[in-house]
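Down below is the structure, laid out as structure tokens.
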Amino acid sequence: MAILKANSDNIGKAAEIIKNGGLVAFPTETVYGLGANGFDGRAAAKIFEIKKRPSFNPLILHVSDPNQLKEIAVIKNEKTLDLIRQFWPGPLTIVLEKTDKVPDIITSGNQTVAVRMPSHKIALELLYKSGVPIAAPSANEFGKLSPTEAVHVEEQIGQHIDVILDGGQCEVGVESTIIEIGKNEISLLRHGGLPVEEIEEFLGETLTRKTNLPNPIAPGQLPYHYAPKIPLRFIDSMNHAELKDKKVGALFLTSNEYDFSFSSVKILSPTGNMQEAAANLFSFLHEFETENLDLILCEKIKRKGLGKAIMDRLTRAVNKFEKN
Ligand code: TXA
Ligand code: MG
């Protein structure tokens with residue numbers, strides 16, 4: 001790991017790292033972010049690993065230009081563009097419907113994606129030189145304070161990342177304000193660097209408060225959280241008789257050791273690479289949904305490293321079906 005002064009050369013080096021699937025910590029006007037190529041599911045999985053998040057939590061995609069939005073989000077409410085013109089670049093994150101180009105791990109399987117254009121010059125240059133949206137949560141370990149200086153990043157996660165771009169202290173010092181724009185309603189999900197009153201005054205309307213949800217919000221607590229439409233169970237909780245005449249999909253980590261004719265088998269990572277496994281998880285669950293199955297069975301995965309986040313997600317989904 002190296003802390004690099006954020007001059008033009010070093011920002012160029014950092015952009016190459018992002019393009020090649022590596023991670024870079026960089027300053028924004030709010031807090032330092034831990035960035036990865038937003039189109040690269042495996043790189044995004046590394047973020048969760050390094051932050052030691054016990055669960056997947058959707059990430060914000062950062063863009064260098066409002067025009068980049070077309071690639072990642074669908075705009076259905078014209079107030080979106082008004083808000084962007086008024087408040088971007090700046091500490092306002094907007095949650096919109098996602099396009100297929102955004103990997104499911106970025107959004108934790110949600111059909112919506114959070115996007116913001118930061119105003120920090122270094123962040124903008126890094127984004128511009130990378131040529132891709134950058135997925136970045138705050139560059140701290142789960143449950144610890146968000147970093148507002150490069151040394152805060154170094155202390156917490158420095159040993160795991162390739163480069164920290166040092167841009168001095170963050171001006172705003174708290175994370176961005178997050179709003180979700182639905183077709184007919186705009187809601188506030190997180191108070192942050194842009195006072196909500198300013199947004200409300202601009203729009204001439206009051207935003208629906210959805211801020212009393214735990215933050216960071218774990219996927220199982222989200223009202224909009226994704227769970228497969230087909231029942232999901234752990235494979236060791238079922239017996240052959242229960243599966244008779246059923247079309248069953250099966251999800252394994254490295255291989256299928258079961259003597260049963262599944263209708264569909266998916267392997268998260270044949271080599272047991274947990275970044276690959278995490279990057280595939282939500283996509284595979286989505287795929288199962290299109291395969292006309294009665295049931296999905298999944299293997300229990302060792303709760304180590306990213307395995308914790310994967311198991312957290314699977315357990316929540318399984319619990320849902322066991323309760324109902
Ligand atoms: O200021 C910021 O926003 C910083 C800098 C680095 O840009 N980033 C940041 O990211 O605070 P993070 O991961 O610490 O917080 C992102 C929050 C999460 O708590 C998550 O719940 C919410 O954004 N979020 C992301 N995608 C969402 C979605 N599709 N729907 C609802 N909430 C979402
Ligand atoms: Mg955070």
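Whatever order the structure lists ligands and atoms in, that order sets their numbers, starting from 1. One is the number of the first residue; the rest follow in order along the sequence. All values reported here derive from a predicted model rather than from experimental measurement.
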task = May I ask you to list the atoms of ligand 1 that are less than 4.0 angstrom from any heavy atom of A114?
result = 25 (C), 26 (N), 27 (C)
inquiry  = As a quick check of understanding, evaluate salt bridge (charged side-chain N to carboxylate O under 4.0 Å, His left out) for R233 and E242, giving each step before the final call.
reply    = CA-CA 12 Å; R233 307 262 182 202; E242 287 174 291; over 6 Å; no
ask   = Touching ligand 1 at all, R190? Heavy atoms, strictly under 4.0 Å?
value = yes
inquiry  = Is there a polar contact, in the sense of an N or O pair closer than 3.5 Å, between T28 and ligand 1?
reply    = no
query = Is the Mg ion (ligand 2) less than 2.8 Å from an N/O/S atom of N140, whether that atom is in the backbone or a side chain?
reply = no
request  = Scan side-chain atoms only and decide if S138 and N140 contain a donor-acceptor pair under the 3.5 Å cut-off.
outcome  = yes
remark   = So the atoms of ligand 1 within less than 4.0 Å of a heavy atom of R116 turn out to be 1 (O), 2 (C), 3 (O), 5 (C), 7 (O)
task = Please could you name the atoms of ligand 1 that S138 approaches to less than 4.0 Å, counting only its heavy atoms?
result = 8 (N), 9 (C), 10 (O), 12 (P), 14 (O)
message = Under a 4.0 angstrom heavy-atom cut-off, which atoms of ligand 1 come close to H62?
response = 5 (C), 6 (C), 7 (O)
inquiry  = Heavy atom to atom 8 (N) of ligand 1, shortest distance: which of A135, G33, A136, S176 holds it?
reply    = A136
message = Tell me the nearest of I178, I94, I134, V113 to atom 23 (O) of ligand 1, using heavy-atom distances.
response = I178
inquiry  = Under 4.0 Å between a side-chain nitrogen and a carboxylate oxygen: does that hold for D312 and R316?
reply    = yes
inquiry  = Assess the residue pair I157 and E141 against the criterion (side-chain contact (heavy atoms from CB on, under 4.5 Å)); give the C-alpha distance rounded to whole Å, side-chain angles, the decisive distance to 0.1 Å, and a yes or no.
reply    = CA-CA 7 Å; I157 56 171; E141 264 188 17; 3.9 Å; yes
query = Which option out of G192, A123, P137, P58 puts a heavy atom nearest to atom 27 (C) of ligand 1?
reply = P58
ask   = Do any N or O atoms from the side chain of Q156 and from the backbone of L145 form a donor-acceptor pair under 3.5 angstrom?
value = yes
inquiry  = Do I181 and L83 have side chains that approach each other closer than 4.5 Å (heavy atoms only, starting at C-beta)?
reply    = yes
query = Will you find, in the side chains of T30 and R116, an N or O donor that is under 3.5 Å from an N or O acceptor?
reply = yes
task = Report yes or no: does E200 contribute a side-chain atom to a donor-acceptor pair with the main-chain N or O of L207 at less than 3.5 Å?
result = yes
inquiry  = Tell me whether F260 at atom CZ has more than 12 heavy atoms from other residues, nucleotides or ligands lying less than 6.0 Å away.
reply    = yes
inquiry  = What I want to know is whether T112 and ligand 1 share at least one N or O pair that is separated by under 3.5 angstrom.
reply    = yes
request  = Report yes or no: does a heavy atom of R53 sit under 4.0 Å from some atom of ligand 1?
outcome  = yes
ask   = So is L189 close enough to ligand 1, meaning a heavy atom under 4.0 angstrom away?
value = yes
T28 side chain vs H120 backbone, donor-acceptor pair below 3.5 Å = no
message = If the cut-off is 4.0 Å to any non-hydrogen atom of T30, which atoms of ligand 1 fall inside it?
response = 1 (O), 2 (C), 4 (C), 5 (C)
ask   = So is V95 in contact with ligand 1, going by heavy-atom distances below 4.0 Å?
value = yes
inquiry  = Can you tell me which portion of N57 lies within the under-4.0 Å heavy-atom range of ligand 1? Options are side chain, backbone, both, or neither.
reply    = side chain
